[in-house]
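Comments concern the structure below.
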Number of protein chains: 2
Amino acid sequence: MGITIRKIAKDLKLAVSTVSKALRDSHEISDETKRLVFEHARKLQYVPNPYAGSLKNRTTRNIAIVLPEVADTFFSNAINGIDSVAQAKGYHVMVYLTHESREREESILEELRSGRVDGILISVSVGVKRDSAVHARLAQDLPLIFFDRVCDEVATAKVLTDDFEASYKATTHLISKGCREIIFLDTAAGLSITDQRRSGFLKALADHGIKNGDRHVVQCSEDENESLDTIQKVLRRKNKVDGVIGSVEKLAIQTYTACHACGLSIPRDVKVLAFSNLQIAALLAPPLTTVVQPAFEMGKAAATLLFKALARKVDLRTERIVLPSVLHERESTQ
Amino acid sequence: MGITIRKIAKDLKLAVSTVSKALRDSHEISDETKRLVFEHARKLQYVPNPYAGSLKNRTTRNIAIVLPEVADTFFSNAINGIDSVAQAKGYHVMVYLTHESREREESILEELRSGRVDGILISVSVGVKRDSAVHARLAQDLPLIFFDRVCDEVATAKVLTDDFEASYKATTHLISKGCREIIFLDTAAGLSITDQRRSGFLKALADHGIKNGDRHVVQCSEDENESLDTIQKVLRRKNKVDGVIGSVEKLAIQTYTACHACGLSIPRDVKVLAFSNLQIAALLAPPLTTVVQPAFEMGKAAATLLFKALARKVDLRTERIVLPSVLHERESTQ
DNA sequence: GTGAAAGCGCTAACAT
DNA sequence: ATGTTAGCGCTTTCAC
């Protein structure tokens, strides 16, 4: 049993409400009483129970981040961005990992309708549909903000990067380096971000007179071994691949592994480029050309939006923030 | 206003208590009533408010992880391990980042005495003392478990790796490769893990007849630029350094950067080895020899211990789990 | 088998 | 300026 407001009241022979008001520095309470209360509270090391008051005013000062995984530099940096504003606002952060399971994501969201948190920031898992009913319903109950991986058709705030343009630019970069047989490594299920990236890729191919773009898109499994296998097969095929774009960080790493395994030299035999926030991209063999998303800033923007919503200062249904990503050219595409 | 138990009771013309019992599948309630209640609850999509009941039984089903940062493979993997058991137990995970600030860590812990969480898993920040009073007091109020970076003198559970032995082995490995002028890159403040690692390092030097071990220990700043600067100065000094041990992941990356900048070839001029969980160590130029900690398993072990403590099945004051780390030899020390 | 009532810690409307 | 009271959503005696 921790120290409660009631204990302080009893010790000081005051009413609970008086103590409550004193602690909240209400103007109705005399300075002398406040002083006494504060002092005693400090002496007893009183810490208010956050969930008691929360029952009344329906606010927990907790927010949730729902995401596929933490062992990914984009997500861990986004968490940092979110945390930076949450800490500043005195909010607490709950983290939920879906491990790319739609079912798990849905049951987590279902649970979150309970009032455990005041709002939610989410980057959806593979397999979640653009018009997911679960997400839409949640957005009715609580402030919900998508970042990076979104459900386009759910009417709530989204924080994104310019995936289409960045991918178009990246593809153009490869073409300018002489690549013609470029492969776009896609994720298995339709992720909003990879959809955009694929579109940008296809558009760039078309604009540069490369036909049959679809032939250049390769679906990779969520399973690491399968995916690695797929990539190796592609690299070994007759129509010699001379460029690879990894649509997500994991695929970049697998491409490197696959090239090593196939005895292909990067960038001589094949140029490689990936969407990735790996800080050590520059230390890889060879240094990897990356499209870097402003992960920290995206987290920060998403959290800022959430707090605005909690303060009823914004209508989330119409919010949409697009931040630019940056192409870092390195040896892997030289 | 979400759906409450009261609403269900009113709709069904039952008492709140009856509904409450029915939902908890109490034997005092008739099957028929239970059926009605469950059905109606499902129809209204009732989700119980977790903090209402929590007020009574003083349990939130929330646990906290307090750690220096997420953008570190050790920590993100540890989070995965913790999350895996928390999800299985139906618990929720709150994440607190200290960013290596003792003050921040202390104020977070202070806040956590409020009852926001049922227990805490922590890896302490740089600068926290072995006998930190704040940590000791918290351990009185709540189940507290240290993992990796601990306060030795605070009497509560600890989950560790065999840092001394692993470092001894790693140092011996470098010596066996012909290194004599080996540098141990230490963190600025006394971290339990780097203390152990340094001791193992010094013991190995002594055992192999290398005198004045202390001369081989270099303190690195928390500031990245300063630290990089220090490393470069060391690499350039007259007594040619032929081996480097990074005591934490960040220092390994900085060593690579520094070697590039100084035009030193790894492993020809200098062999490098680091305590690191980087998955892509094998893809670096050259592949980095690492001492890998079982991060996931440590998180899992720590969380498992916490849940045992919550079930009053263990006395945390005497618990101490030591898991082995593994030396992965790669080209950087060949 | 069902219901009434008290209470968890705190806030807020309403006395005094 | 301080106190009384009711109530947030739920659980848990204790009656009926």
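Side chains are part of it too, since the values below use all heavy atoms of this structure and drop only hydrogens, waters and symmetry mates. Everything numeric here is computed off the predicted structure, so don't read it as measured data.
By the neighbour-count criterion of 12 heavy atoms within 6.0 Å, atom NZ of A/Lys158 is densely surrounded, having more than that number from other residues, nucleotides or ligands. Few gaps surround NZ on A/Lys129; more than 12 heavy atoms of other groups in view lie less than 6.0 Å from it. Taking a 6.0 Å sphere around NZ of A/Lys34, one finds it holds more than 12 heavy atoms contributed by other residues, nucleotides or ligands.
When heavy atoms are screened at a 4.0 angstrom cut-off, A/Ser54 is found touching no nucleic acid atom at all. Using a 4.0 Å heavy-atom cutoff across all strands shown, B/Ser30 reaches sugar-phosphate atoms only and no base atom.
Distances shown here put every side-chain N or O of B/Arg58 at or beyond 4.0 Å from the OP1 or OP2 atom of C/dC8. Distances shown here put every side-chain N or O of B/Ser17 at or beyond 4.0 Å from the OP1 or OP2 atom of C/dA4. In terms of phosphate contacts, A/Thr33 brings a side-chain nitrogen or oxygen within less than 4.0 Å of OP1 or OP2 of D/dT2. Residue B/Ser20 places none of its side-chain N or O atoms closer than 4.0 Å to OP1 or OP2 of D/dG9. In this structure, B/Tyr51 does not reach the D/dT11 phosphate: none of its side-chain N or O atoms is under 4.0 Å from OP1 or OP2. Taking only side-chain nitrogens and oxygens, B/Arg24 comes nearer than 4.0 Å to OP1 or OP2 of D/dT11. The side chain of A/Arg6 places no N or O atom within less than 4.0 Å of a non-bridging phosphate oxygen (OP1 or OP2) of C/dG7.
To the nearest angstrom, P of D/dT11 lies 11 Å from CD1 of B/Ile8. Taking atom CG of A/Leu12 as the reference point, atom P of D/dA1 lies 17 Å away to the nearest angstrom. The distance from atom CG of A/Asn49 to atom P of D/dC8 is 18 Å, rounded to the nearest whole Å. In this structure, the CZ atom of A/Arg116 is 16 Å from the P atom of D/dG9, given to the nearest Å. Protein atom CZ of B/Arg61 is 12 Å distant from nucleotide atom P of D/dT11, rounded to whole Å. Distance B/Ile3 CD1 to D/dC10 C1': 16 Å, rounded to the nearest Å. When the P atom of D/dT12 is taken as reference, atom CD1 of B/Ile29 falls 13 Å away, rounded to whole Å. Distance A/Asn57 CG to D/dA6 C1': 16 Å, rounded to the nearest Å.
When the nucleotides D/dT11, D/dG9, C/dA13 are ranked by their closest atom to the side chain of A/Lys21, C/dA13 comes out on top. Relative to the side chain of B/Glu28, the nucleotides D/dC10, C/dT2, D/dT11 differ in distance, and C/dT2 lies closest. Relative to the side chain of B/Leu55, the nucleotides C/dT2, C/dC8, C/dC10 differ in distance, and C/dC8 lies closest. Closest to the B/Ile5 side chain, of the nucleotides D/dT11, C/dT2, D/dT2, is D/dT11.
Checked against the 6.0 Å centroid threshold, B/Tyr46 and B/His40 do not count as a close aromatic pair.
In this structure, a donor-acceptor pair under 3.5 Å is absent between the side chains of A/Tyr51 and B/Asn49.
Using cut-offs of 30° and 60° for the angle between ring planes, the B/Tyr96 and A/His92 rings count as perpendicular.
A donor and an acceptor atom never sit less than 3.5 Å apart when one is taken from the side chain of B/Lys7 and the other from the base of D/dG9. Contact annotation: side chain of B/Lys13 to base of C/dG3, donor-acceptor pair absent below 3.5 Å.
Place B/Lys56 and B/Asp31 on DNA chain C by their nearest nucleotides, and B/Asp31 ends up nearer the 5' end.
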